[in-house]
Amino acid sequence: MKSFRGIMAGALIMEAITLGLALPVVAQLGGGVTSAEGWLTIAVAVAHLAACGLLRFAWIRPVILVLQLVLIGFVVTLVAIGIIGVLFLGVWLYLFWLRHDVAKRMAAGTLPSQQTS
């Protein structure tokens with residue numbers, strides 16, 4: 001399962017980069033980077049980077065989902081950031097399903113690497 005930590009860290013970093021690249025959108029369409037929207041976008045991006053170091057703990061998975069819900073909550077004020085949240089929520093749900101499926105197959109001993117020839 002350590003390999004999934006790397007995949008999850010990569011997804012968190014990509015999401016943080018995407019949020020950083022969305023700051024000009026916040027500046028143009030929102031209240032500006034120095035507004036509450038701008039500071040919250042920066043805080044969520046920093047939280048994504050901080051979550052990379054905490055992936056070894058089981059409680060970080062619900063925290064990641066909460067971060068996605070915070071981004072989806074932006075739909076009320078800034079639709080573009082909300083759409084980013086919806087897209088990455090789909091990515092995270094797929095990653096969590098994939099992790100669950102691999103763990104189930106590992107427990108059953110049906111992974112191709114567990115088969116003897």
Side-chain angles (χ1 to χ4, degrees):
M1 290 311 202
K2 287 183 181 182
S3 62
F4 274 95
R5 280 194 236 161
I7 293 169
M8 289 170 32
L12 283 168
I13 290 172
M14 284 191 305
E15 192 168 359
I17 290 170
T18 304
L19 289 172
L21 291 173
L23 286 175
V25 174
V26 173
Q28 285 295 116
L29 301 177
V33 179
T34 58
S35 68
E37 293 169 344
W39 286 111
L40 187 59
T41 304
I42 292 169
V44 172
V46 170
H48 278 81
L49 294 175
C52 287
L54 302 171
L55 286 172
R56 66 181 172 271
F57 301 109
W59 52 264
I60 197 67
R61 284 179 265 155
V63 170
I64 291 171
L65 291 177
V66 167
L67 288 173
Q68 303 313 308
L69 294 177
V70 167
L71 288 177
I72 292 171
F74 268 99
V75 167
V76 175
T77 58
L78 197 58
V79 177
I81 302 294
I83 291 172
I84 291 172
V86 170
L87 291 174
F88 275 101
L89 178 65
V91 168
W92 282 108
L93 291 177
Y94 176 70
L95 286 176
F96 291 150
W97 173 81
L98 192 62
R99 184 181 188 281
H100 172 74
D101 187 52
V102 169
K104 186 173 64 171
R105 287 182 181 190
M106 191 183 299
T110 59
L111 288 175
S113 63
Q114 294 174 320
Q115 304 300 315
T116 58
S117 8

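Excluded from the calculations below are hydrogen atoms, water molecules and symmetry mates; all remaining heavy atoms, backbone and side chain alike, are included.
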| remark: Taking every heavy atom of Ala45 against every heavy atom of Ala16, the minimum-distance pair comes out as O-CB, 3.7 Å
| query | If you group Ile, Leu, Val, Met, Phe, Trp and Tyr by side-chain heavy-atom gaps below 4.5 Å, do Ile17 and Ile84 land in one group? | reply | no
| query | Can you name the nearest heavy-atom pair linking Leu71 to Gly85, along with the distance? | reply | CB-CA, 3.6 Å
| request: Step by step, work out the side-chain contact (heavy atoms from CB on, under 4.5 Å) result for Ile81 and Val26. | output: CA-CA 8 Å; Ile81 302 294; Val26 173; 4.1 Å; yes
| said: Can you tell me how far apart CE (Met14) and CG (Leu21) are? Round to the nearest 0.5 Å. | reply: 12.5 Å
| message | Using 0.5 Å steps for rounding, measure from the CZ atom of Arg5 to the CG atom of Leu54. | response | 11.5 Å
| said: Give me the atom names and distance for the closest heavy-atom approach of Val75 to Gly82. | reply: CG2-CA, 3.5 Å
| Got a second to check how far Arg99's CZ is from Met8's CE, nearest 0.5 Å? | 6.5 Å
| Rounded distance [0.5 Å steps], CE in Met106 versus CG in Asp101 | 11.0 Å
| At what distance, to the nearest 0.5 angstrom, does CD of Glu15 lie from CG of Leu89? | 9.5 Å
| remark: Closest non-hydrogen contact found for Leu55 with Ala9 is CD1-N, 3.4 Å
| task | Keeping to residues at least two apart or across chains, list the ring-ring contact (aromatic ring centres under 6.0 Å, His included) pairs with something in residues 27-84. | result | Phe57-Trp59
| So, for Trp92 and Phe96, is the gap between ring centers shorter than 6.0 Å? | yes
| Nearest-0.5 Å distance that lies between atom CG in Leu93 and atom CG in Leu98 | 12.5 Å
| note | Residues at least two apart in sequence or cross-chain that pass side chain to side chain contact (heavy atoms under 4.5 Å, CB included) with Leu23, listed by chain then number, are Thr41, Ile42
